Each structure stands twice: as structure tokens, then as C-alpha cells.
Amino acid sequence: MRIESLDLRNFRNYRELHLDFGDGIHIFYGDNAQGKSNLLEAVFLLASGRSFRNSKDREMIRFDEEECHLKGGFLKEDLKLRIDMHLKNAGNRGIALNGVKLRKTRELVGKVPCVLFSPEDLEIVKKGPSERRRFLDSEISLIDPIYLNDLSQYKKALEQRNQLLKDIAFEPSLKDMLDVWDEQLVRFGRNMTAVRRRFLSELSEDVSRIHRSISGDREDLRLFYEPDVSEEAFAEKLFRNRENDIRNRNTSCGPHRDDFEFRLTLSSGERPADARVYGSQGQQRTAALSLKLAEIEIVRRKTGETPLLLLDDVLSELDRNRQEYLIDSLEHIQTLITCTGLDDFVNHQDALRKVYHVANGEIVYGE
């Protein structure tokens, strides 16, 4: 999978922009707040239909403009894909694939395999469960449109159930309506739990292999899924917790409370330990790096394509050894990287395809 061109009009701080891409590594460097990350956001938006910043459409439109236009040219094996997207201050967005209008954004899923690595991903080990759930939902949704639909339906049912729990406090007769939303939660929640379980089991094998390589076989890392409730027990637990949920006006069990653990084992034979609690900062960052590189492998297997890789200001957060390992891993992967300077690439000049300097929403020069 590769991107061949990008055109932007009134997107973020870009009034007009056209870029052509080749194979290999492309570097976008410059001071902070100049528009480097906006470029990666645009590519990710075209590939996935969503902003990795969780921005609303109107927030991505250039100030004082009513709409913006993004166009990306991609090559998937021998198939050329052109994705056009219009974002509007008022009204729904418009998306077309090779000139054919798409009814729903999720129809983009799987068309352009793409993996994003940001500084926030380096915090996934030590942050709270919500960050790890976000990772699961984000990555599985990129390769599985059925999961994306189940996730969307589950969130809607959860929102409706929580609102109903609040309404019951003022109108107890509404209690019987909980059955409707419980049925929806169980239906879609069971599917999500099963998919998350399989995904993490497969991902764990890649994480273990990559982590051993980065650590020089000194450490082994495994992922362990911690569902809030099993598929089989979800309906029963939801019903058992009903009175408590009514009192607290909130749904207390389900996939929206899942987590997973990074379990680290040292070659010295010590007992496995939770990297979030007992890992050093270096070990935690190695774990996060292993996770993202493993994600590339699983996307490659699921889609049959090597994904486009976006690295948003990650290198400055890694020490020299991890930088070296990451850059060496990018062979045969088209990669777009943002950074503030080029010092990190002194030893990798041969790997660079193009270098762009970004200043105030403009590409000042490219080589």
C-alpha cells in the first residue's frame, strides 16, 4: 500500500497544497505548530474516515472558510484508488471512492491500510484502561468493518441505556424498557469481546517476537486480555447489576470497561510482572514500540498489504537504540515522518526518499 499524491484545500492551516510521494521514507520537519501533524491527519482521515485527534469536521476546516476538500491518490497492488472528501461547517461530509459516492464513512475501512504512531501511543502502557480500549477499537476497526459496526451500535445502545437509567429516577415505570437496551448491549458486546480476544491473542505473538529482538532476548512480553465480563456471562451480570445501575444511573459492566495487560518476563527467570506497575520507563516504551510494530504485522496479514506508516513526532521521544531499531524496521514500508529537525537521520540518509521543510502551512522546499 502506498500513497502517491495528496491535495488539500482549506484544510487546517493549508490553503492549497499538492504533494507527490514515492517509495521509502518521507520527512516533514519544522518548528512546532507549523502544520506537520496536519499533513498526517489529512492522510489518516482519507485512509480511515476519522481524525486521530478526534476532531470534529468543522474543527479541521480552515478558519473563516465554509468547507474544505481533501484528495488522496493511493496504489493498492496494481489498483489505483482516488479518495475525495469534502468537510463542511454545515451539513454532512461527502466521500467518493474513484468517483463513486460512499453512503457511509465506514465503507472506507480496509481500503487503505494505514498505521499511525504518535507520542500518545508511547503512553499506552502506563495510562488508564480507556487508552488501551481506544487502541483496540481504533486498530481493529481499521481492518474489520463488522467490528466497527458492532462498536458503533454498542456505543449507541450504551448511551441510550445510561440516559434511560437517569430517566428512571424520575419515572420508575420506564424500568421495563431496560430489556430493550440490554438485549442490544449483549448482542453487540458479545461480538466485540470475541473479536478483541482473538485480536489480542494473535497480536501477542508478534509483540513477543519483536520485543525479544529489541531487548536482545533479555525480556519477553505478552499481552493478556482482561474482559470486564465474558461473552457467556454478560446477559446475566447485566441483569444482576440492574438495581445497582439504576441507583448509580450508569451501566456498570460490559466491554466499555475492558482492559489488557502487558506482562513482562526477564530472562533471569523472575516471575512475570505487569509492565504498567513494575516496568521502567524504558521498558514501557519498548513495550509500546513493540505493540505498534506488531500492529504493522497483523494489518499486513489481515489485509494482504503492507500498510502505510505515519510517525507523528515519535523519534524525539525514543532513545538512540530504539530510534535505530524503528528506522531499521521501516525497510519496504512507505513512511511519512514528522519531526522538528533532521539530527535523528544522520546515520540513515540513504533511507530518505524526500525531505520537506514545513513552515506556516506551506512546504517551503523539498529535496
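The first residue in the sequence is number 1, and the count goes up from there. Values in this document were obtained by computation on a predicted structure and should not be read as measured data.
Taking a 6.0 Å sphere around CZ of Phe239, one finds it holds 12 or fewer heavy atoms contributed by other residues, nucleotides or ligands. Other residues, nucleotides and ligands contribute more than 12 heavy atoms inside 6.0 Å of the CD atom of Glu16. Counting heavy-atom neighbours within 6.0 Å of Arg50 CZ, excluding the residue itself, gives a total above 12. In the displayed structure, Ile146 atom CD1 is contacted under 6.0 Å by at most 12 heavy atoms of other residues, nucleotides or ligands. The neighbour count for Glu65 CD, taken as heavy atoms of other residues, nucleotides or ligands under 6.0 Å away, is above 12. Shown here is Asn360, whose CG atom has no more than 12 heavy atoms of other residues, nucleotides or ligands within 6.0 Å. Annotation: Asn98, atom CG; neighbour count of heavy atoms from other residues, nucleotides and ligands within 6.0 Å is above 12. By the 6.0 Å contact criterion, NZ on Lys166 is enclosed, its count of non-hydrogen atoms from other residues, nucleotides or ligands being greater than 12.
Between the side chain of Asp228 and the main chain of Pro255, no donor-acceptor pair closer than 3.5 Å is present. No side-chain donor-acceptor contact under 3.5 Å links Asp144 to the backbone of Ile140. Between the side chain of Arg197 and the backbone N or O of Met192, no donor-acceptor pair lies under 3.5 Å. For Ser152 (side chain) and Leu148 (main-chain N/O), no donor-acceptor pair under 3.5 Å exists by modelled atom type. Side-chain atoms of Arg263 never come within 3.5 Å of backbone atoms of Asp274 as a donor-acceptor pair (strictly under, hydrogens ignored). With hydrogens and angles ignored, the 3.5 Å screen pairs no side-chain donor or acceptor of Arg196 with any backbone N or O of Pro227. Between the side chain of Glu324 and the backbone N or O of Asn321 there is no donor-acceptor pair closer than 3.5 Å. Listed for the Arg257 side chain is a donor-acceptor partner under 3.5 Å among the backbone atoms of Ser252. Within the 3.5 Å criterion, the main-chain N or O of Leu200 finds no donor-acceptor partner in the side chain of Ser204.
If you take CD on Gln323 and CD on Glu317, they are separated by 10.0 Å, rounding to the nearest 0.5 Å. The NZ atom of Lys127 lies 6.0 Å from the CD atom of Glu120; values are rounded to the nearest 0.5 Å. Atoms OH and CD1, from Tyr356 and Ile27 in turn, are 10.5 Å apart once rounded to the nearest 0.5 Å. Rounded to the nearest 0.5 angstrom, Gln184 CD and Gln153 CD are separated by 7.0 Å. Separation of atoms CG (Leu136) and CG (Asp258) is listed at 8.0 Å; rounding is to 0.5 Å. We find the CG-CG distance between Leu40 and Leu45 to be 12.5 Å, quoted to the nearest 0.5 Å.
Defined by atom type and a distance below 3.5 Å, a donor-acceptor pair is present between the side-chain atoms of Asp137 and Tyr147. His86 and Asp84 share no donor-acceptor pair across their side chains, judged by distance under 3.5 Å alone.
Annotation for Ser48 and Thr105: closest pair O-CG2, 4.4 Å, computed over non-hydrogen atoms. Nearest heavy-atom pair across Val43 and Leu308 is CG1-CD2, 3.6 Å. Contact record, Arg285 with Glu123: NH2-OE2, 3.7 Å, taken as the closest heavy-atom pair. In terms of heavy atoms, Arg212 sits closest to Asp220 at NE-OD1, 3.4 Å. Closest heavy-atom contact between Tyr14 and Gln34: OH-O, 4.5 Å. Across all non-hydrogen atoms, the minimal contact from Glu226 to Glu261 is OE2-OE1, 3.1 Å.
Salt-bridge check for Asp57 with Lys88: failed, with every basic side-chain N at 4.0 Å or more from each acidic carboxylate O. Between Arg190 and Asp150 no salt bridge is recorded (no basic side-chain N to carboxylate O distance below 4.0 Å). The pair Lys175-Glu243 counts as a salt bridge, with a side-chain nitrogen and a carboxylate oxygen less than 4.0 angstrom apart. Comment: Lys36 does not engage Asp313 in a salt bridge, judged by the lack of any side-chain N to carboxylate O separation of less than 4.0 angstrom. Looking at Glu67 and Arg58, no side-chain N of the basic residue comes within less than 4.0 Å of a carboxylate O on the acidic one, giving no salt bridge.
Side-chain contact between Leu142 and Val115: absent, with no pair of heavy atoms (C-beta onward) separated by less than 4.5 Å. Proximity of Leu289 to Leu326: side-chain heavy atoms (C-beta onward) are separated by under 4.5 Å at one or more points. Between Ile83 and Phe74 there is a side-chain heavy-atom pair separated by less than 4.5 Å. Put simply, the side chain of Phe28 reaches to within 4.5 Å of the side chain of Leu19, judged on heavy atoms. Between Arg132 and Ile124, some side-chain heavy-atom pair lies under the 4.5 Å cut-off. With a 4.5 Å cut-off on side-chain heavy atoms, Ile337 and Val314 do not count as touching. Between Glu205 and Arg222, some side-chain heavy-atom pair lies under the 4.5 Å cut-off. Between Val195 and Asn191 the shortest side-chain heavy-atom distance does not fall below 4.5 Å.
Pairs of residues two or more places apart, or lying in two chains, that qualify as side-chain hydrogen bond (donor to acceptor under 3.5 Å, both in side chains) and include a residue from residues 294-307 are Glu202-Arg301, Glu202-Lys302, Asp206-Arg301, Lys292-Glu295, Glu297-Arg300, Arg300-Thr306.
Under a hydrophobic clustering in which Ile, Leu, Val, Met, Phe, Trp and Tyr are joined whenever their side-chain heavy atoms come within less than 4.5 Å, directly or via other members, Phe52 and Leu6 fall into the same cluster.
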